[in-house]
Amino acid sequence: MRDIISRFAPAPTGFLHLGHVVNAACVWRETRARGGRVLLRIEDHDRQRSRREYEAEILDDLAWLGFAADEPPVRQSERGDIYEGALDRLRRDGRVYACGCSRAEMERAALKGCVTDRLSTAPAGTVAQPFRAADSERRYPGTCRDRGLTEGPGLGLRVRLDDTVERFVDLRHGPQEQRPSAQCGDLLVKDRDGNWTYQFAATVDDFVQGVTLVVRGDDLLASTGRQIQLARLLGRDEPPQFLHHPLIMKSVGQKLSKSDGDSGIRELRAAGWTSEQVIAHALSLIA
Ligand code: GLU
């Protein structure tokens with residue numbers, strides 16, 4: 001039996017909202033039920049959007065809610081050496097290439113019909129309920145794959161993926177099959193502004209921190225196959241277990257976002273709610 005280590009991994013790009021509370025409640029509940037430990041990871045890989053003020057408020061709200069991690073928090077912005085080391089390994093394997101494509105160029109290519117893949121992530125019948133993330137996902141068509149660009153400022157970095165089918169058993173949805181190279185194409189690991197991407201930083205951290213249980217929302221179900229593949233390329237023998245829980249939806253297809261400002265824990269605290277009421281209310285919204 002592996003030790004159970006999970007994590008709560010908020011991005012400090014806004015205040016804590018009810019969607020985070022659902023996630024935290026699921027992380028702590030599922031982990032404690034298995035006798036495991038919870039790590040707290042501040043996912044501030046996006047240097048332009050992350051703010052220390054948000055981080056401080058998130059930590060304060062979490063403490064108020066009673067979600068206590070078992071180790072001091074780590075910040076992705078302080079883990080650059082770890083990511084460089086992981087990238088070096090992929091580079092040695094000939095997997096890394098520089099990419100000059102901007103989001104706008106990729107949008108234009110898609111409009112011209114160069115990018116046609118808009119795939120669902122699992123064959124019909126393998127998921128218990130519909131999920132959305134993959135529907136709006138665009139596949140990187142591989143424009144720079146064989147251009148041999150020299151790495152440098154203003155260029156992103158991508159990792160060549162193999163055309164594999166990744167199979168895993170989600171603890172809630174059951175057996176899943178995903179084909180990352182067809183879903184998203186070669187993975188961006190560093191963007192053109194020099195930021196590590198979520199997919200890369202989270203995968204490296206889950207590996208290096210020994211995370212064995214990932215509990216997160218259904219919006220990330222479609223990312224799991226690519227994270228499993230990337231972790232294997234980084235030398236991980238056994239992927240974590242995954243559990244994807246329902247999201248709070250404002251209306252059909254519209255995920256609650258912290259920038260909405262209408263579900264802030266700050267506001268509920270100020271209005272006199274107790275932490276128990278906030279958690280119960282958040283969970284009632286997905287029930
Ligand atoms: N920082 C990510 C988020 O806030 C966490 C994703 C994950 O749990 O893998 O959505």
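Note: hydrogens, waters and symmetry copies are ignored here, and every other heavy atom, side chains too, is used. In what follows, residues are counted from 1 in the order of the sequence shown.
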S.K.: Using a strict threshold of under 4.0 Å (side-chain N to carboxylate O), is an ion pair present between Glu238 and Arg236?
M.R.: no
S.K.: In terms of hydrophobic clustering (I, L, V, M, F, W, Y; side-chain heavy atoms under 4.5 Å; direct or indirect links), are Phe207 and Leu161 co-clustered?
M.R.: yes
S.K.: Could you check whether atom CG of Asp81 has more than 12 heavy atoms from other residues, nucleotides or ligands sitting under 6.0 Å from it?
M.R.: no
S.K.: Would you call Arg160-Asp93 a salt bridge at under 4.0 Å N-O?
M.R.: no
S.K.: Transitively linked via ILVMFWY side-chain contacts under 4.5 Å: Leu233 with Phe168?
M.R.: no
S.K.: Check whether Tyr97 forms a cation-pi arrangement with Arg147 (NZ or CZ under 6.0 Å from the six-membered ring centre, at most 45° off the ring normal).
M.R.: no
S.K.: Is it true that Arg51 and Glu55 make a salt bridge, defined as a side-chain N closer than 4.0 Å to a carboxylate O?
M.R.: no
S.K.: Hydrophobic clusters here meaning ILVMFWY residues chained together by side-chain heavy-atom distances under 4.5 Å, can you tell me if Val22 and Leu213 are in one?
M.R.: yes
S.K.: Are side-chain N/O atoms of His245 and Asn23 paired as donor and acceptor at under 3.5 Å?
M.R.: yes
S.K.: Under a 4.0 Å N-O cut-off, is there an ion pair linking Arg37 with Glu71?
M.R.: yes
S.K.: Under 3.5 Å, sequence neighbours excluded: what are the donor-acceptor pairs made by side chains of residues 1-10?
M.R.:
| unit_1 | atom_1 | unit_2 | atom_2 | d |
| --- | --- | --- | --- | --- |
| Arg2 | NH1 | Pro239 | O | 3.4 |
| Arg2 | NH2 | Pro239 | O | 3.0 |
| Ser6 | OG | Thr31 | OG1 | 2.6 |
| Arg7 | NE | Asp206 | OD1 | 2.9 |
| Arg7 | NH2 | Asp206 | OD2 | 3.1 |

S.K.: Measure across Gly272 and Gln277 and return the closest heavy-atom pair with its distance rounded to 0.1 Å.
M.R.: O-OE1, 4.3 Å
S.K.: Pick out which of Asp162, Val189, Asp186, Leu230 makes a side chain to side chain contact (heavy atoms under 4.5 Å, CB included) with Arg95.
M.R.: Asp162
S.K.: Ignoring hydrogens and geometry beyond distance, is a side-chain donor-acceptor pair present between Gln199 and Ser223 at under 3.5 Å?
M.R.: yes
S.K.: For Asn195 and His45, does a side-chain donor sit closer than 3.5 Å to a side-chain acceptor?
M.R.: no
S.K.: Assess whether a salt bridge exists between Glu84 and Lys190, defined as any Lys/Arg side-chain N lying under 4.0 Å from an Asp/Glu carboxylate O.
M.R.: yes
S.K.: Which atom pair, heavy atoms only, marks the closest approach of Pro12 to Ile58?
M.R.: CA-CD1, 3.9 Å
S.K.: Should Tyr198 and Leu87 be regarded as members of a common hydrophobic cluster, given that ILVMFWY residues are connected when their side-chain heavy atoms come within less than 4.5 Å of each other, either directly or indirectly?
M.R.: no
S.K.: Regarding Gln76 and Glu43, do their side chains bring together a donor and an acceptor under 3.5 Å, going by distance alone?
M.R.: yes
S.K.: Would you call Arg47-Asp191 a salt bridge at under 4.0 Å N-O?
M.R.: no
S.K.: Could you tell me whether the side chain of Arg216 reaches within less than 4.5 Å of the side chain of Phe242, counting heavy atoms only?
M.R.: yes
S.K.: Do Val208 and Val38 share a hydrophobic cluster, counting only Ile, Leu, Val, Met, Phe, Trp and Tyr and linking them when any side-chain heavy atoms are less than 4.5 Å apart?
M.R.: no
